[in-house]
Visitor: 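Got a structure for you, written out below as structure tokens; questions coming shortly.
Because only heavy atoms are used, hydrogens play no part in the values below, and waters and symmetry mates are left out as well, while side chains stay in.
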Amino acid sequence: MSAFDGSHGVDSADIINIPTIGFSSFQFFPDQFNYTQNPPDPTLPAFNQTLEIGLNWVRLQADLAQLFGKPVILAAFGLVTQDNAPFFVPFNSTVAPFGPDSPPPVTQLLNVTNEQRDDAYEQLIEGVLLAGLQGILQYQFGQGNLTTQPGTAIPPNVNGSSQSSVATMTGISPNDGYAGLGQGTEHMLGSVATGAQGIGSDNS
């Protein structure tokens, strides 16, 4: 789907122009949506091309903010890493197409490494700050070492089974493919925190 073909059913410019609307938000999930009307550049690797598209998407939203004189925030963004691909569940779906029990998927992910994800996040956040946007939210934060409890989103799990009578084990928070867990997590969280501080200092 494209952000420009009407498949989302909304027009951000029309919405932010409504007098009773005080601010606007936008997202960036390039593993699921197309954010450009231009054909792919064959001279650029897929990751670099995606990053350029993301930075341009940020600038387009900043232009809307300036045009209508209202704050705009990047309300959610994420890249599915190679480590997270088996857990990835597309929006409006309940199936993990890259999971071990799934048939070969029709579409492919960008297949980025943790290092590429961190690089992209840093550049996107810097782009938000340079564009003068008013906020950022990263999707999604993950947490490990959580106490499991039957009947909750973090159920006990023994030997791959979803059922267990042991309620004192630990687990991780739900992950639909975007959670920041494992190697490189501290670096990713640090990038988001630094960006948040940059926005906070502008408003002080």
Visitor: Please report the shortest heavy-atom distance between Ala131 and Val58, naming the atom on each side.
Guide: CB-CG1, 4.2 Å
Visitor: Above 12 or not: heavy atoms from other molecules or residues under 6.0 Å from CD of Glu126?
Guide: no
Visitor: With sequence neighbours excluded, tell me which residues meet side chain to side chain contact (heavy atoms under 4.5 Å, CB included) with Gln123.
Guide: Leu51, Leu55, Asp119
Visitor: I'd like to know whether Gln140 forms a side-chain contact (heavy atoms from CB on, under 4.5 Å) with Asp176, so could you lay out the CA-CA distance, the side-chain angles of the two residues, the decisive distance to 0.1 Å, and finally the verdict.
Guide: CA-CA 9 Å; Gln140 71 193 137; Asp176 64 2; 2.7 Å; yes
Visitor: Are Val112 and Phe87 connected, step by step, through hydrophobic side chains (Ile, Leu, Val, Met, Phe, Trp, Tyr) whose heavy atoms are closer than 4.5 Å?
Guide: no
Visitor: How far apart are the C-alpha atoms of Phe23 and Gln134, what are their side-chain angles, what is the distance that settles it, and do they pass the side-chain contact (heavy atoms from CB on, under 4.5 Å) test?
Guide: CA-CA 10 Å; Phe23 76 100; Gln134 285 70 39; over 6 Å; no
Visitor: For the hydrophobic clusters of this structure (ILVMFWY residues joined by side-chain heavy atoms under 4.5 Å, transitively), does one cluster hold both Leu74 and Leu130?
Guide: no
Visitor: Applying a strict under-4.5 Å side-chain criterion to I, L, V, M, F, W and Y, I'd like to know whether Phe88 and Phe91 cluster together.
Guide: yes
Visitor: Using a 4.5 Å cut-off on heavy atoms from C-beta on, say whether the side chain of Phe33 contacts that of Phe28.
Guide: no
Visitor: Using only atom types and a distance under 3.5 Å, with no angle test, would you say the side chain of Asp31 pairs donor to acceptor with the backbone of Leu110?
Guide: yes
Visitor: Where is the tightest heavy-atom contact between Asn111 and Gln82, given as atom of each residue plus distance?
Guide: O-NE2, 3.0 Å
Visitor: CG of Leu79 to OG1 of Thr113: how many Å apart, nearest 0.5 Å?
Guide: 10.0 Å
Visitor: Which heavy atom in Ala75 sits nearest to a heavy atom in Leu137, and how many Å separate them?
Guide: O-CB, 3.2 Å
Visitor: How long is the gap from CD1 on Ile136 to CG on Leu129, to the nearest 0.5 Å?
Guide: 6.5 Å
Visitor: Here's a test for you: under side chain to side chain contact (heavy atoms under 4.5 Å, CB included), which of Asn56, Thr50, Leu60, Ile53 qualifies with Tyr35?
Guide: Ile53
Visitor: Donor-acceptor pairs under 3.5 angstrom involving side-chain atoms of residues 40-49: please list them, not counting sequence neighbours.
Guide:
residue: Asp41; atom: OD1; partner: Thr43; partner atom: N; Å: 2.9
residue: Asp41; atom: OD1; partner: Thr43; partner atom: OG1; Å: 2.6
residue: Asp41; atom: OD2; partner: Thr43; partner atom: OG1; Å: 3.2
residue: Gln49; atom: OE1; partner: Asp41; partner atom: N; Å: 2.1

Visitor: For Gln32 and Tyr178, work out which heavy atoms get closest and say how close.
Guide: NE2-OH, 3.0 Å
Visitor: Can you tell me how far the CD atom of Glu122 sits from the CZ atom of Arg117, to the nearest 0.5 Å?
Guide: 11.0 Å
Visitor: What are the two closest heavy atoms between Lys70 and Asn17, and how far apart are they?
Guide: NZ-C, 4.2 Å
Visitor: At their closest point, which heavy atom of Val128 faces which heavy atom of Gly135, and how far apart are they?
Guide: CG1-O, 4.2 Å
Visitor: Are the side chains of Phe29 and Val80 in touch, meaning some heavy atoms are under 4.5 Å apart?
Guide: no
Visitor: As an exercise, state the distance from CD of Glu52 to CG of Asn38, rounded to the nearest 0.5 Å.
Guide: 12.0 Å
Visitor: Starting at CD1 of Ile15, measure out to CZ of Phe68 and round the result to the nearest 0.5 Å.
Guide: 11.0 Å
Visitor: What is the ring orientation for Tyr121 with Phe77, classed by angle as parallel under 30°, tilted 30 to 60°, or perpendicular over 60°?
Guide: perpendicular
Visitor: Where do Leu64 and Ser12 land on the side-chain contact (heavy atoms from CB on, under 4.5 Å) test, with the steps shown first?
Guide: CA-CA 9 Å; Leu64 277 182; Ser12 297; 4.2 Å; yes
